[in-house]
J.: 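Handing you this structure, nothing more for now.
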2 protein chains.
Amino acid sequence: MTHSNTVGSAIYQKIKDDIIYGKLQPSTKLKLDKLSNSYSVSMSTLRECLNRLSSEGFVSAEEQRGFFVTSISLNDFEEITSLRILLECHALKLSLKNGDTEWEGNLVGAYHKLHTKETEMQNGDVSTKKSLIRYDWGFHQSLILACNSANLISLHSLLYYKFLRYQMLLTSSRGSDAVNEHKKIFDSALERDFPKAEKELKNHVKMGLNFISKGYKFN
Amino acid sequence: MTHSNTVGSAIYQKIKDDIIYGKLQPSTKLKLDKLSNSYSVSMSTLRECLNRLSSEGFVSAEEQRGFFVTSISLNDFEEITSLRILLECHALKLSLKNGDTEWEGNLVGAYHKLHTKETEMQNGDVSTKKSLIRYDWGFHQSLILACNSANLISLHSLLYYKFLRYQMLLTSSRGSDAVNEHKKIFDSALERDFPKAEKELKNHVKMGLNFISKGYKFN
DNA sequence: CAGTGTATTAAAATATAATATATTTTAAGC
DNA sequence: GCTTAAAATATATTATATTTTAATACACTG
């Protein structure tokens, strides 16, 4: 049994997470020797990791000036949202057309997990916010998993996580509104009603944008 | 004036080009010390570059097994094409809505360059195929440049070049068909007729797919 | 004998550290 | 505010150690 994660991929995940969850804040200068120390990796491994993240857009590389956590702006957030909607709806359309029993069953499972966690949260159990996010991701990916395009799934994942970084700017979340939206998306997906599912999905993501852009003061 | 390209970004461009233009063929194992020699860069710089390219999808990294030029398949080509159409049409719609005189003028310029080169090529001057490609890129990007989304432009660029790699599998090109299609796209774009422009653009890209998938034998 | 599994060895990827150089940033002085 | 000197930092190479994979030889088994 070889669970030999390389140092490189471990540190990549760690830093990516720290950016998404705000431990490394937007526009922060990522000083190489400082990070090399705090993450306990060598400079070369760290640079490999930062280069990967800069290709994805979580880190911005400025030649001869080093690396920075990619800055945020309302404008960028709107772009990310718009692209997420474009890709997620397109993939949803394909998924509703192609999805077989296997896909449908996995979707039902993913929704059940999400809904269960959401109920826990509404009862005041805040300890599991990070797992709620995992289940939210699981649900949204399950929706499109039958789209039959690895490239599309991969691009969607990128945009979901860029969106998530903005979401994490606020500690509060939307509560019961999001729960209802999820249910509507789920129901219309099972009915293979694409127009309705698309409408509800668009609305859901846009409401997320609205909530955050009202609650967070971009400068 | 600072044109001080770093070794890293220079080698990145070189290797990316070599992949797109087929000098480094699909599925080739990218042995580190061999590449380090042939491109005359150190291993660390090379690894940084390969990590960037693997994030973008031109290179595939397999943990502990090294790097490979990303493999090709008809299925992948169809996915890429479909995504390119989705993004390029979406961006075109925004661009036709927002484009001002500045944008329109640049588009006219880009089309003129492309058309001039196309005419040269039809007269038998094959020496400038690579510059024709640059002008084709220039035209297609100009079309969408007023879409007002840096994220969209960047994603579109990625997909254009992934598409281009497939295009480069054949030495021959489509000749006068493509020339006519470009004209139709250009004309309808200037008239701000989105439905027509979209139709012509979709057709243009799909014809590219057809031409290549008929001429190249995927295994 | 063919095929299969298992050591052994060779090759290659991964990771760190040490070093040199070039560029940017900071600080000091005019 | 401008120029220059010093410090900090990024970039790049090289050398080395470790780990993993790939290749080879060798025995075992049906």
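None of the values given here were measured: they were computed from a predicted structure. All heavy atoms count here, side chains included; hydrogens, waters and symmetry mates do not. All chains are named by letter (A, B, ...) in the order of the sequence lines, taking the proteins before the strands, and each is independently numbered beginning at 1.
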J.: Could you pull out the protein-nucleic contacts involving nucleotides 12-16 of chain C (nitrogen or oxygen on both sides, under 3.5 Å)?
T.:
from: C/dA12; atom 1: OP1; to: B/K31; atom 2: NZ; distance (Å): 3.2
from: C/dA13; atom 1: OP2; to: B/L32; atom 2: N; distance (Å): 3.3
from: C/dT14; atom 1: OP1; to: B/Q64; atom 2: N; distance (Å): 3.2
from: C/dT14; atom 1: OP2; to: B/R47; atom 2: NH1; distance (Å): 2.3
from: C/dT14; atom 1: OP2; to: B/R47; atom 2: NH2; distance (Å): 3.4
from: C/dA15; atom 1: OP1; to: A/V7; atom 2: N; distance (Å): 2.2
from: C/dA15; atom 1: OP1; to: A/G8; atom 2: N; distance (Å): 3.2
from: C/dA15; atom 1: OP2; to: A/G8; atom 2: N; distance (Å): 3.3
from: C/dT16; atom 1: OP2; to: A/S42; atom 2: N; distance (Å): 3.0
from: C/dT16; atom 1: OP2; to: A/S42; atom 2: OG; distance (Å): 2.9
from: C/dT16; atom 1: OP2; to: A/T45; atom 2: OG1; distance (Å): 2.9

J.: Answer yes or no: is there a side-chain heavy-atom contact under 4.5 Å between A/L74 and A/Y216?
T.: no

J.: Side chains of A/R174 and A/H204, heavy atoms from C-beta outward: is any pair under 4.5 Å?
T.: yes

J.: Starting at atom NZ of A/K34, determine the distance to atom P of C/dT25, rounded to an integer number of angstrom.
T.: 17 Å

J.: Report yes if the side chains of A/I80 and A/R165 come closer than 4.5 Å at any heavy-atom pair, otherwise no.
T.: no

J.: Does a side chain donor of either B/D136 or B/Y160 reach within less than 3.5 Å of an acceptor in the other side chain?
T.: yes

J.: Against A/H182, only a single residue in A/Y111, A/F139, A/Y135 fulfils ring pair (Phe, Tyr, Trp, His ring centres under 6.0 Å); can you say which?
T.: A/F139

